[in-house]
2 protein chains.
Amino acid sequence: MLPLSQTTGYAVRALQCLQEPGGHPVLVEEVAEYTGIPRSYLSKLIHKLAKKGLVVARRGHHGGVVLARPSTEITLEDLSDAIDGVAWRKRCLMGLLGCGGAAPCVLHEFWQETLEQILARLRSVTLADLVENHDPGVDRFRANHGLAEPASGLPSAHPSSLVEASIH
Amino acid sequence: MLPLSQTTGYAVRALQCLQEPGGHPVLVEEVAEYTGIPRSYLSKLIHKLAKKGLVVARRGHHGGVVLARPSTEITLEDLSDAIDGVAWRKRCLMGLLGCGGAAPCVLHEFWQETLEQILARLRSVTLADLVENHDPGVDRFRANHGLAEPASGLPSAHPSSLVEASIH
DNA sequence: ACGTTAGATTACCGGAAGATCATCATTGAT
DNA sequence: ATCAATGATGATCTTCCGGTAATCTAACGT
């Protein structure tokens with residue numbers, strides 16, 4: 001019922017494993033193994049995110065996936081939109097038929113406000129914030145893949161040596 | 001994603017058609033016809049609500065369904081609990097695995113607070129409030145079935161002549 | 001008793017989300 | 001050119017929710 005879709009959660013977990021734009025691509029396979037997300041399912045998910053311009057995926061030798069934007073510029077709302085779309089924001093809490101502009105239900109206004117609060121939060125939380133949140137084990141994974149420890153309290157800056165480098 | 005289940009909405013619509021405890025039973029058939037809820041599906045729904053002690057259903061001649069408690073004492077939370085259960089309240093917004101007491105995610109606290117607000121609302125809104133809200137057409141239906149116009153601003157009192165009368 | 005009028009119950013259909021498997025298609029290395 | 005690495009894709013499966021249809025069964029009037 002209430003929470004975001006499970007797949008949006010997958011997206012969060014998966015993107016935490018990726019490098020900033022210009023960094024080294026990480027294999028879908030590795031991300032799948034680490035996160036526990038089924039490989040093939042993850043592949044489709046990544047593809048969806050790629051179409052939305054959130055990540056860049058390359059096939060073949062030395063392929064893999066990299067963030068398309070700095071993690072500080074990817075919000076939870078971006079992920080939710082990309083995966084679950086936006087339709088759910090318009091539905092009445094109780095799914096009442098007539099509920100709308102003309103005849104709002106008792107909870108219409110309350111629900112609109114609540115939704116707005118939630119969306120504001122989704123908008124304000126970035127992938128960088130989530131990485132910083134120490135999803136247990138992500139640190140280890142990131143270390144193994146040459147990713148910086150998130151600097152506490154600071155936006156997780158990407159090493160400048162990687163920023164401008166092409167994806168290879 | 002976010003809203004309550006469609007079936008909970010059904011329950012709201014359906015119970016708006018019923019009489020206060022002691023009143024005349026209304027047929028599932030009639031409720032189905034009026035609300036547009038499929039008869040057989042509604043039957044199951046009503047049965048579920050009956051098992052939870054929210055309505056009383058009787059079979060056979062002059063059977064039908066009546067509220068088991070005054071509409072002022074049936075909250076949206078009661079309906080939501082009866083139909084969707086309570087498990088969803090415990091899930092992490094993003095479905096993150098480790099999110100819990102030890103390692104809450106960035107949105108854990110926010111989400112807990114938001115949920116609490118929502119539940120407080122569900123708890124404070126009663127069936128009587130919803131009836132008063134003039135779901136368009138419910139008035140007509142209720143009139144046809146001898147139900148009082150909800151007295152604006154007052155708890156919808158049930159005629160004392162019906163209060164103590166047995167269900168027949 | 002019996003038959004009619006209800007609700008209850010059982011079995012099944014259909015779509016969406018999540019998941020799996022096998023296979024295809026692209027890319028870089030040689 | 002060829003091959004191996006790697007993401008993309010299509011078919012299929014499962015589960016859950018919503019919905020349908022047929023049938024069973026309790027309650028009352030006669």
Side-chain angles (χ1 to χ4, degrees), chain A residues 1-11 13-14 17-18 24-33 35-52 55-66 68 80 82-85 87-88 91 94-95 97 166-168, chain B residues 1-11 13-14 17-18 24-33 35-52 54-66 68 80 83-85 87-88 91 94-95 97 166-168:
Chain A
M1 209 140 357
L2 277 169
L4 301 176
S5 76
Q6 182 174 335
T7 306
T8 298
Y10 282 177
R13 283 201 264 154
C17 300
L18 302 188
H24 288 92
V26 176
L27 300 190
V28 168
E29 180 61 37
E30 292 180 284
V31 175
E33 217 166 281
T35 59
I37 304 168
R39 174 201 179 270
S40 207
Y41 193 61
L42 177 60
S43 176
K44 287 172 198 166
L45 166 54
I46 294 273
H47 184 61
K48 217 178 218 173
L49 297 176
K51 278 194 296 187
K52 296 281 179 172
V55 301
V56 175
R58 296 182 67 98
R59 314 203 250 199
H61 270 187
H62 303 113
V65 190
V66 198
S80 171
I83 291 156
D84 296 321
W88 57 273
R91 292 204 297 258
M94 297 176 283
L97 291 177
S166 99
I167 190 174
H168 184 82
Chain B
M1 210 146 357
L2 277 168
L4 301 176
S5 76
Q6 181 174 336
T7 307
T8 298
Y10 282 175
R13 283 201 264 157
C17 301
L18 302 188
H24 288 93
V26 176
L27 301 188
V28 168
E29 179 61 38
E30 293 180 282
V31 175
E33 218 165 283
T35 59
I37 304 167
R39 176 200 177 272
S40 205
Y41 193 61
L42 177 59
S43 177
K44 288 176 207 170
L45 166 53
I46 295 274
H47 184 61
K48 218 178 216 175
L49 297 176
K51 280 194 296 187
K52 296 283 180 172
L54 297 173
V55 301
V56 175
R58 296 182 68 97
R59 313 204 251 199
H61 271 187
H62 302 116
V65 191
V66 198
S80 170
I83 291 155
D84 296 323
W88 57 273
R91 291 205 296 260
M94 297 176 282
L97 291 176
S166 98
I167 189 173
H168 182 87

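Here the structure is a predicted model, which is why all the values come from computation and not from measurement. Throughout, protein chains are lettered first and strands after them, A, B, ... in sequence-line order, and every chain is numbered starting at 1.
In this structure, Leu4(B) places its CG atom 11 Å from P of dG18(D), rounding to the nearest Å. The interatomic distance linking Arg91(A) (CZ) with dC17(D) (P) rounds to 14 Å, in whole Å. Here the P atom of nucleotide dA6(C) and the CD atom of Glu33(B) are 13 Å apart, to the nearest Å. When the P atom of dA17(C) is taken as reference, atom CG of Asp84(A) falls 8 Å away, rounded to whole Å. When the C1' atom of dG18(D) is taken as reference, atom CD of Gln6(B) falls 7 Å away, rounded to whole Å. Going from atom CG of Leu42(A) over to atom C1' of dC21(C) covers 16 Å, rounded to whole Å. Rounded to whole angstrom, the span from the OH atom of Tyr41(A) across to the C1' atom of dG10(D) amounts to 16 Å. Atom NE2 in His61(A) sits about 10 Å away from atom P in dG28(C), given to the nearest Å.
Between dA27(D) and His62(B), no contact under 4.0 Å exists linking OP1 or OP2 to a side-chain N or O. Of the side-chain N and O atoms in Tyr10(A), one or more sit less than 4.0 angstrom from OP1 or OP2 of dA19(C).
The shortest non-hydrogen separation linking Ala11(A) to Ile83(A) is CB-CD1, 3.4 Å. When all heavy atoms of Val66(A) and Pro25(A) are compared, the closest pair comes out as CG2-CA, 3.5 Å.
Here the rule is side-chain contact (heavy atoms from CB on, under 4.5 Å) with Arg13(B), and of Leu42(B), Thr35(B), Thr8(B) only Thr35(B) fits it.
Proximity of Val28(B) to Val65(B): side-chain heavy atoms (C-beta onward) are separated by under 4.5 Å at one or more points.
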Summary of protein contacts for nucleotides 7-16 of chain C, nucleotide by nucleotide, where a base hit scores B, a sugar-phosphate-only hit scores S (4.0 Å, heavy atoms): BBBBB-----
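Rounded to the nearest 0.5 Å, atoms CG (Leu18(B)) and CG (Leu49(B)) are 9.0 Å apart.
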How far apart are the C-alpha atoms of Trp88(A) and Ser80(A), what are their side-chain angles, what is the distance that settles it, and do they pass the side chain to side chain contact (heavy atoms under 4.5 Å, CB included) test? CA-CA 11 Å; Trp88(A) 57 273; Ser80(A) 171; 4.0 Å; yes
